[in-house]
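By convention in this document, chain letters (A, B, ...) are assigned in the order of the sequence lines, proteins followed by strands, and residues within each chain are numbered from 1. Owing to the predicted nature of the structure, the values given are computational and were not obtained by experimental measurement.
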Amino acid sequence: MNPERWQEISPHLDEALSLPEEERAEWLAAFRAQRPELADLLGKLLEEHRALAEEHFLESEPLRPTNEPSLTGETLGAYKLISRIGEGQDFVWA
Amino acid sequence: MESASSLVALLEAAERGSKPAADALFSALYSELRRLAKHELARHGAPVTLSATTLLHRAYIEIAGQDGTSFPDRNRFMGYAARVMRGLIIDHARSHQAQKRGGQFEITSLAAEIDAVDDQKLTQISEALDELAKAEPALAQVVDLKFFCGFSFQEIAAMKDVSERTVQRQWEKTRIYLHRTIRAGLDD
């Protein structure tokens with residue numbers, strides 16, 4: 001989307017997104033009466049928002065461990081790894 | 001690395017819109033973050049787990065503590081450094097792609113297998129964010145802090161001195177922008 005178009009639609013998108021999902025259709029209908037030239041695009045963007053939420057777009061960190069060999073039982077310095085107790089968003093740097 | 005006082009000067013010039021200052025600030029922070037990551041490796045003598053968030057906090061503490069010059073504003077620092085971290089992660093993803101071994105700044109086999117799609121997608125996201133930052137820098141920054149650096153909505157809200165709801169809305173809005181830009185590349 002070009003930046004000018006985005007800037008034009010941006011404040012309206014803010015307004016729509018601040019409403020609960022179930023109120024957005026009604027809000028959009030009212031908006032359409034006032035700004036028919038922007039309403040289609042806004043409707044598409046809200047639809048897109050539903051789709052991206054479903055596919056969890058950008059919800060996992062960019063570098064995701066996919067195949068972690070077990071380190072259980074390994075010795076690291078003075079420590080022995082007994083069991084893995086959790087994981088977070090950490091990356092492993094070397 | 002640069003002294004804190006020259007980084008402060010660069011930050012201020014960058015915020016006044018100086019492109020050379022912004023570039024210099026970027027590369028100074030980039031080297032500093034790389035240096036810190038390597039330092040951590042050397043200190044542990046083995047691959048270490050270090051989150052982007054931790055790395056940023058540590059960089060700030062080191063820079064702020066230098067020369068007795070206090071860096072004026074942690075939050076402005078985090079905003080810039082998060083953009084730099086995005087560059088670092090993308091560079092890493094690319095080099096990981098290009099050569100499974102031999103990169104200086106490497107995530108070991110313990111961690112990530114990044115497939116080609118992810119690498120490309122990250123680059124697309126980054127380009128779209130740079131474009132968005134020209135019009136709405138606050139939105140691009142939320143993605144840097146949240147997606148690339150792993151800060152929570154709550155932490156970002158505190159940093160930017162806005163409500164958590166505002167940050168969430170900015171995040172949702174930017175996701176729409178990015179999704180649309182990446183998915184379609186269409187103009188409306």
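- Looking at A:H49 and B:K173, their side chains never come closer than 4.5 Å, going by heavy atoms from C-beta outward.
- The distance from atom OG of A:S10 to atom CD of B:Q170, rounded to the nearest 0.5 Å, is 9.5 Å.
- With a 6.0 Å radius and a threshold of 12 heavy atoms from other residues, nucleotides or ligands, A:R35 has its CZ atom above the threshold.
- Side-chain contact between B:H179 and A:E55: present, with at least one pair of heavy atoms (C-beta onward) separated by less than 4.5 Å.
- Within the 4.5 angstrom heavy-atom criterion, no atom of A:E4 approaches chain B.
- Residue A:E37 places its CD atom among more than 12 non-hydrogen atoms of other residues, nucleotides or ligands, all under 6.0 Å distant.
- Put simply, the side chain of B:Y177 does not reach to within 4.5 Å of the side chain of A:L45, judged on heavy atoms.
- Of the two parts of B:I90, neither the backbone nor the side chain holds a non-hydrogen atom closer than 4.5 Å to a non-hydrogen atom of chain A.
- Distance check: A:L17 CG to B:R165 CZ gives 10.5 Å after rounding to the nearest 0.5 Å.
- Interface remark: B:E131 contributes side-chain atoms only to the contact with chain A (heavy atom separation under 4.5 Å).
- With a 6.0 Å radius and a threshold of 12 heavy atoms from other residues, nucleotides or ligands, A:E26 has its CD atom at or below the threshold.
- The shortest side-chain heavy-atom distance between A:L58 and B:I125 falls under the 4.5 Å cut-off.
- With contacts defined as side-chain heavy-atom distances shorter than 4.5 Å, the pair A:F57/B:I176 does not qualify.
- Electrostatic pairing of B:R175 and A:E59 counts as a salt bridge here, judged by a charged N lying under 4.0 Å from a carboxylate O.
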